[in-house]
Every structure is written in C-alpha cells, then in structure tokens.
Amino acid sequence: MKIEFVASPGAAEILAVLAHEGRALAGAGSALDQAASGALAKAMKNSRFTGAANSSLNVAAPAGIDANAVLLVGAGAADKLDDLAVETAAAAAYQATKLSGAEVLTIDLSHLSPEQAARAGFAVRLAAYRFAKYLTKQKAEKIPSVTTVRVVTPDVKAAEAAFGPLSAVADAVLFSRDLVSEPANILYPAEFARRVKALEALGAKVEILGEGEMEALGMETLLAVGMGSERESQLAVIQWNGGKEGEAPIAFVGKGVCFDTGGISLKPADGMEEMKWDMGGAAAVAGLMHALAGRKAKVNAVGVLGLVENMPDGRAQRPGDVVKSMSGQTVEVLNTDAEGRLVLADALWYTQDRFKPKFMVDLATLTGAMIISLGLEYAGVFSNSDELATNIAAAGPKVGEKTWRMPIPAEYDRHIDSPIADVKNMGNGRAGGSITAALFLQRFTNGTPWAHIDIASTAWVKDSKNPTVPDGAVGYGVRLLDRMIADHYEG
Ligand code: BES
Ligand code: MN
Ligand code: ZN
C-alpha cells in the first residue's frame, strides 16, 4: 500500500470526504456539495446514511465534481472526532472502496491537522493487511484494486514528518500479524527466531539461545514444555538501546508457543488449529521491538521470547512431573496444557536476573478463562504496580486496544501451592483460571515491578467490526505498548 500526502485532490478516481452524524458534511464536503448543486446532501437524504462511524455512502459521478465518485465517510459525532475516529474513518473508506476497481483513493482531510492526516495514512496501512501468500488461485475480483491512498492535508511536509514514526509502527504491526498468521508447520521456534534476527537490520541486537544454552542456565520448566517436540526450543533476546547509556532497560516478555496441542493433557480436536496463534504474545513483543527500533525510540528496551512447541510424544512431559525452574523453585506440572506459564516462569526469571529492568511486561495467550471473564474485546491486565497498570490502561483508548485491570489477590495464592513441590501449574478446578495463572507468574518476578497482559481474547479476531483490523491476526499489544512507552518512558 502506497500512502501519499497531497495539498489538493486534483482529478480523483474516488474522492472521500467526511460526514458527521446528522448528515453533516465536514471540511471539503460542503464546498463539493455546492459544486454539485446539492447532489451530496440529496444522496444522504435519500439513504439511511447518517454519518455514523464505520459507514459510508458512495455517490457515483456527481456532476460538477472532478472525480469518478465521491465517497461520503461516516465519522461519527462532530465533537468526538479524536485521532482514533479519524483512523476508523480512513480505514472504513479503504474497506468500502478496496474492491471497486479504482487504483487510487483520495481522502480529503484538508480541514484536519497534518498529524491527523498522518493517522489516516497509518490506519489505511493497517486496514490493507492481507495474509495471502498461500492463495494460489485468487479470483481477480477478490484482489484489492486500490494500491495508493492519497490524503489531502494543508501541510504536506508536516504530515509526512508525522507519518514517519507511525509508518514504522505500522511496519511493526504487520510484522507481528505475519508471525501470528503463519501456520505452525512453517513457523516453529527456530524459524520464529530466524525472522526475529531480521531486527538487526533496524539496529537492534538479537541473541538466540538454543536448548543447550538454556539447559546450562537451568531453564527446566521452559525446556520441559518443548520436550515432546521434534523442534528445538529457543529463547530470543532482543535489545534496543536508544536511551541513555547504562540506564536500566524496560523489559517485555512473550509467550511463544508456536503450537499448543496441550501435550499429554491433549486438547480436543475441535478448534485445535487456533493454537497456531498461541505465540501471539511473543509476536507482540517482537513487533514492539520492531516498532521501537524502526522509529528510533529514545529508550533502552529488551524483549525476551520463549519459543516452544507443545506436543504429545514418548519424550513429552507427563502430568504429575516435577521440574526445577531457573529460579530454583520446583514446579509440579499437573496439566501439561498449562504450558505458557511454564515458559514464562523461566523467561521472566531470566529477564530480571540478567537485565535488572525498571519493570517487566509479559504478553501471553495464557488462559481460555480470560475469554470467559472479559469476552473478546478486552485484554486482562494483572500487575503488582499501580503506576504500570495505569500507564497501560491510559494507552489503550488512544490506540484502540482495550484493556481491563484484573486482581491478583494474595488470598488465592495458596491455590497454587503443591504438596510435593514449591508450586503447581494450575489452581483447584476452574475457578479464577486467569488469576491463578497470573499468581503463578508472579512467583517468578522476584519482586520486580511487573504487569501480565493475557491476550487470549484479543490476539485473533473473527468477524471484525473494526475496519483498521481485518479478520485474523490482530498484532494486539504492539500499538498499546509502543504508545505507553512513547507517552511515559522516552527521553
Ligand atoms: N493457549 C491456551 C489458552 C488459550 C485458549 C488461548 C484459547 C487462546 C484461546 C493455554 O495454554 C491453555 O491451554 N490454558 C489452559 C489452562 C488450564 C489447563 C489450567 C486453559 O485455559 O484451559
Ligand atoms: Mn495450553
Ligand atoms: Zn497455550
């Protein structure tokens, strides 16, 4: 997708303008309507289009306007046109026209700020994401025709400048989505690690630890998860040092279960294919590091990815096994399907032990119970730090990645005590399954300020209602944490 910023629309194929609720044309729309002798207002009046967000009305070849078509794009209430509403409108304009046959879509935002024009271009890049590499017989009419989006803005230079870092974030979200979309026969731990190595081209430092190195570190809980797999487990360590030399980094840790069969505690066959995206946490952290490096963020950050495949096999770990984590704590593995926390236990411990970070945030498609408790729109945030939890919560509404804070009550901690080891990897029964998982992770944070984001509900979307996020891999977490860092931890 090519994004261009221009000072005037010129002769356009499709010219999109905003309309607000109450059928109120905004910006360039009123002048166009006059030029077309009221044809736009008339078209609205004779339709159900009201200007509501994420809706549009196509007006073909209105006389007096230099365009093949004018697209009226709903932008919601006029007094609520924030940056996110501009993104939604631009993405909706793209979705409404992508299969039209036109190659260029021009969106007139000349009445808005150049920063908002940049947000529009950014949103179109996210909206145009497709994972089509394995489609060998695509019908021509299913392939988007729109390949260039021009955004009309009063200050082209300023819009381009604002678009630079946003485009780097878009690259990162798309990188993350590609990782999540790949099937597990293609994206296994070593292949994931190989793709992360590409971040070196952006100036990040990437180290890959194999099973031998992790064994030497005593990372038995992570390694136990991968024991049933033919694929070697990996730990990817990404460093971006854009901040002050010697300043402690902020750290991000991702669950990268490239496929989760459940192991010997095998999952039911129905829907198991979804577990190819059980590496969504690691993909978010990889994407975040891509964003920070790509936009040269003024911060020291590390990303640690625990990459494994959870398979049933003669060599796989068994329910009831006891393994020793890098922290020294022993873990009774009651259910081999509660594997993400075993991976994160060692990855979190390693991260705080090696980097002494200011804080750690882990992202993980950790529990099905998360979907039960918050539904599909919100990720759960568990934290021992009010400051960190507040900063994460504040970023959500700015980027359209919603979060909700969950408790980690000390009273529940005894539910993960084991009679034969220091801790067990699940609670008693299903009660509070996401909370007992967070309590488990907390035991491996060594008191470091920490937040755990359970993205089981948000990493993948079916039947998306958000034009900026097509069905499939969301890349959830990249924008959220990039924004949190930009707002609170840079410079
Ligand atoms: N990867 C799953 C959680 C999951 C489920 C993510 C559905 C996305 C969609 C995780 O490894 C898992 O299997 N968790 C178990 C934990 C239980 C055995 C304590 C679960 O949620 O059932
Ligand atoms: Mn599992
Ligand atoms: Zn899992």
Side-chain angles (χ1 to χ4, degrees), residues 180-181 184 187-189 192 221-222 224-229 233 253-284 305-313 316-321 331-347 362-380 382 406 412 415-416 418 423-441 452-462 472-474 476-477:
V180 174
S181 303
L187 193 85
Y188 46 90
F192 195 133
T221 60
L222 186 154
V225 175
M227 268 190 337
S229 172
S233 300
V253 179
K255 168 181 172 179
V257 178
C258 294
F259 197 79
D260 180 14
T261 65
I264 297 298
S265 311
L266 192 64
K267 287 183 181 296
D270 229 25
M272 198 201 275
E273 70 283 354
E274 295 201 357
M275 288 298 105
K276 76 167 187 182
W277 49 265
D278 207 19
M279 30 56 70
L305 321 179
L307 304 169
V308 301
E309 183 180 55
N310 188 22
M311 300 291 273
D313 181 77
Q317 68 174 334
R318 294 147 291 257
D321 281 4
V331 181
E332 185 187 12
V333 180
L334 283 182
N335 190 321
T336 65
D337 196 13
E339 85 296 340
R341 65 199 74 181
L342 299 175
V343 172
L344 290 173
D346 276 339
D362 77 74
L363 293 108
T365 50
L366 202 63
T367 63
M370 202 67 245
I371 304 169
I372 306 299
S373 46
L374 293 184
L376 293 172
E377 299 273 340
Y378 287 79
F382 303 76
M406 299 281 292
Y412 294 5
H415 294 306
I416 52 169
S418 156
V423 60
K424 59 182 181 172
N425 78 331
M426 59 179 291
N428 304 320
R430 293 197 296 171
S434 305
I435 298 174
T436 46
L439 283 162
F440 181 93
L441 299 181
H452 155 58
I453 310 183
D454 193 334
I455 60 170
S457 40
T458 54
W460 190 269
V461 64
K462 296 173 186 167
V474 174
Y476 184 99

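The figures that follow rest on heavy atoms only: side chains count, while hydrogens, waters and symmetry mates do not. When a ligand or atom number is given, it counts from 1 through the structure's own listing order.
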Problem - For the Zn ion (ligand 3), every protein N/O/S atom that sits closer than 2.8 Å, waters excluded - result: Lys255 NZ, Asp260 OD2, Asp278 OD2, Glu339 OE2

Among [options], which residue places a heavy atom closest to [atom]?
atom	options	result
atom 16 (C) of ligand 1	Lys267, Met426, Arg341	Arg341
atom 1 (N) of ligand 1	Asn425, Thr367, Asp278	Asp278
atom 14 (N) of ligand 1	Leu366, Ile371, Leu342	Leu366
atom 20 (C) of ligand 1	Gly271, Gly368, Ala437	Gly368

Handout entry: salt_bridge(Lys255, Asp362) N-O dist < 4.0 Å
Key = no

Handout entry: Residues Lys267, Glu274: salt bridge by 4.0 Å N-O rule
Key = no

Exercise for the section: Check each heavy atom of Lys255 against ligand 1 and say whether those closer than 4.0 Å belong to the side chain, the backbone, both or neither. Expected result: side chain

Problem - Closest non-hydrogen atom pair, Ile264 against Thr336 - result: N-OG1, 3.1 Å

Practice task
For ligand 1, find out whether one of its N or O atoms is nearer than 3.5 Å to an N or O atom of Asn335.
Solution key: no

Handout entry: ligand 1 N/O within reach of Met275 N/O, cut-off under 3.5 Å
Key = no

Exercise for the section: Using atom types as modelled and distance alone, determine if a side-chain donor or acceptor of Ser265 lies under 3.5 Å from a backbone N or O of Gly262. Expected result: no

Practice task
Could you tell me whether the side chain of Ser434 and the main chain of Met370 form a donor-acceptor pair under 3.5 Å?
Solution key: yes

Handout entry: contact_flag Trp277 ligand 1 heavy-atom lt 4.0 Å
Key = yes

Fill in the blank from the handout: Note on the Mn ion (ligand 2): protein N/O/S atoms within less than 2.8 Å are Asp260 OD2, Asp337 O, Asp337 OD1, Glu339 OE1

Problem - Contact check, side chains of Gln317 and Val225, non-hydrogen atoms, under 4.5 Å - result: yes

Practice task
With the side chain counted from C-beta on, respond yes when Pro189 and Cys258 share a heavy-atom pair under 4.5 Å apart, and no when they do not.
Solution key: yes

In Å, rounded to the nearest 0.5 Å, how long is the span from [atom1] of [X] to [atom2] of [Y]?
X	Y	atom1	atom2	value
His452	Leu366	NE2	CG	4.5 Å
Asp260	Asp278	CG	CG	4.5 Å
Thr221	Glu339	OG1	CD	11.5 Å
Leu307	Phe192	CG	CZ	5.5 Å

Handout entry: Those residues that, when tested against Met426, pass side chain to side chain contact (heavy atoms under 4.5 Å, CB included) (two or more places apart)
Key = Leu334, Asn335, Arg341

Exercise for the section: Assess whether atom CD of Glu377 is packed by more than 12 heavy atoms of other residues, nucleotides or ligands within 6.0 Å. Expected result: no

Fill in the blank from the handout: atom 12 (C) of ligand 1 has as its nearest protein heavy atom Asp337 O, 3.2 Å

Completion exercise
Residue, atom and distance of the protein heavy atom nearest atom 2 (C) of ligand 1 read Asp260 OD2, 3.7 Å

Quick one: which ligand 1 atoms are inside 4.0 Å of a heavy atom on [X]?
X	answer
Glu339	11 (O)
Ala456	6 (C), 8 (C)
Thr365	1 (N), 2 (C), 3 (C), 6 (C)

Problem - Ser373: partners by side chain to side chain donor-acceptor pair (under 3.5 Å), with sequence neighbours left out - result: none

Exercise for the section: For a side chain to side chain contact (heavy atoms under 4.5 Å, CB included) with Thr365, tell me which candidate from Thr458, Val257, Ile455 qualifies. Expected result: Ile455

